[in-house]
2 protein chains.
Amino acid sequence: MSSRSRTRAKRAPTPELLSLIAARFRALAEPARLAILHALEGQERTVTELVEATGLGQGNLSKHLQQLHAGGFVSRRRDGLFVYYELADRNVLALCEIMCGRLESDLVTSHKIVSTR
Amino acid sequence: MSSRSRTRAKRAPTPELLSLIAARFRALAEPARLAILHALEGQERTVTELVEATGLGQGNLSKHLQQLHAGGFVSRRRDGLFVYYELADRNVLALCEIMCGRLESDLVTSHKIVSTR
DNA sequence: CTAGCGTATGCACGTTCAGGAATATATACT
DNA sequence: AGTATATATTCCTGAACGTGCATACGCTAG
């Protein structure tokens, strides 16, 4: 029965590591935060501008920004009263694009929208 | 005050699209599911094998597999009593690697708790 | 068809988290 | 000093989700 460590895991990722990675993904697992990241694509913005761009409440938006900042997805810079947020890493966009790519594939595969055909 | 559509959004992603993408990320926002994907790296496995590899309960694991399957991250193949799951897309691993890369950078930057010192 | 194994699904409970409203903090101006 | 604006934080509530247990479903063998 090969009772012992028959499992052929290449390297066992510790539960702590998995939790950290999962937390990162969780930061992107929210439409509101994706909208924020999209609004920051290519340009820095103040919280007020993001409120206008996303339609989120100010307090709510600020909380999302804290999460994105804690996750290292955005950086901030203070200028007087305003705080300017900007994307801290281009990998973020890469992640979203991969997801979008997967999404398109599945939508086409399934049998709906896209292409007249 | 730039009242009108002063917002320079390149393309406005619909809320529905954002929700779909967020749902994909959410599927990866769980340590248990990441462990499953890791266990499937390079080889297909039955549910029972995954139970042994991950230490999750059978019912619980099965539910996670349904989510991963619904998200298109894994595919399944039935062979008699057993159901073999395997990674459906190598982009999944790419996503995890990017996240890991970001994680390592941040850990080194902050306190550096990585690996065996 | 009966029995047994592997897998999936339903139910209940506890936790987590987004959302809004109100309030607190920070900076600038007079 | 005080006021005004921009941002952050706190409290609360409802919904979503992971987990364990029990049970139903699918398949094979006898």
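Residue numbers begin at 1 in each chain, while the letters A, B, ... track the order of the sequences.
Looking at heavy-atom distances under 4.0 Å, A:Y85 makes contact with sugar-phosphate atoms alone, never a base. Within the nucleic acid shown, A:T48 comes within 4.0 Å of sugar-phosphate atoms alone, with no base atom in reach, counting heavy atoms only.
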Could you list all N or O pairs between the protein and nucleotides 25-29 of chain C that sit under 3.5 Å apart?
none

For nucleotides 20-22 of chain C, tabulate all protein N/O to nucleotide N/O atom pairs closer than 3.5 Å, reporting atom names and distance.
residue	atom	partner	partner atom	Å
C:dG20	O6	A:K63	NZ	2.6

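No single ILVMFWY cluster, assembled from side-chain heavy atoms under 4.5 Å apart, contains both B:L68 and B:F82. Linking ILVMFWY side-chain heavy atoms closer than 4.5 Å, directly or via other members, places B:F25 and A:L93 in a single hydrophobic cluster. Under a hydrophobic-cluster definition in which Ile, Leu, Val, Met, Phe, Trp and Tyr are linked whenever side-chain heavy atoms come within less than 4.5 Å, directly or via other members, B:Y84 and B:L87 are assigned to different clusters.
Here A:H64 does not reach the OP1 or OP2 of C:dC17: none of its side-chain N or O atoms lies under 4.0 Å away. The side chain of A:Q67 places an N or O atom within less than 4.0 Å of a non-bridging phosphate oxygen (OP1 or OP2) of C:dA18.
Rounded to an integer number of Å, the gap from CZ of B:F25 to C1' of C:dC17 is 19 Å. In this structure, B:E49 atom CD and C:dC5 atom C1' are separated by 15 Å, rounded to whole Å. The CG-P distance, from A:L61 to C:dG19, rounds to 10 Å in whole Å.
Taking B:E44 as the reference, B:R77 meet the salt bridge (Lys or Arg N to Asp or Glu O under 4.0 Å) condition, with sequence neighbours excluded. Contacts of A:S75 classified as side chain to side chain contact (heavy atoms under 4.5 Å, CB included), with partners at least two apart in sequence or in another chain: A:E86, A:A88. Partners of B:E97 under the side chain to side chain donor-acceptor pair (under 3.5 Å) rule, at least two apart in sequence or in another chain, do not exist in this structure. Residues meeting the side chain to side chain contact (heavy atoms under 4.5 Å, CB included) test with B:L81, sequence neighbours left out: none. Partners of A:A27 by side chain to side chain contact (heavy atoms under 4.5 Å, CB included), not counting sequence neighbours, listed by chain and number: A:F73. Under the side chain to side chain donor-acceptor pair (under 3.5 Å) criterion, A:R76 pairs with A:Q66, A:Y85, not counting sequence neighbours.
Across residues 26-35 of chain A, not one residue has a non-hydrogen atom less than 4.0 Å from an atom of DNA chain D.
Under the 4.5 Å side-chain criterion, counting only non-hydrogen atoms from C-beta, B:V92 is not in contact with B:V74.
Separating the CG atom in B:L65 from the CD1 atom in B:I36 is a distance of 4.5 Å, to the nearest 0.5 Å.
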All N/O donor-acceptor pairs, side-chain side in residues 55-64 of chain B, below 3.5 Å, sequence neighbours left out:
residue	atom	partner	partner atom	Å
B:N60	OD1	B:H64	NE2	3.4
B:H64	ND1	B:R33	NH1	3.0

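When DNA chain D is scanned 5' to 3' for any atom under 4.0 Å from a heavy atom of chain B, the first and last hits are D:dC17 to D:dT28.
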- Message: Applying side chain to side chain contact (heavy atoms under 4.5 Å, CB included) to B:L37 and B:L28, what does each step give before you reach the verdict?
- Response: CA-CA 9 Å; B:L37 292 177; B:L28 302 183; 3.5 Å; yes
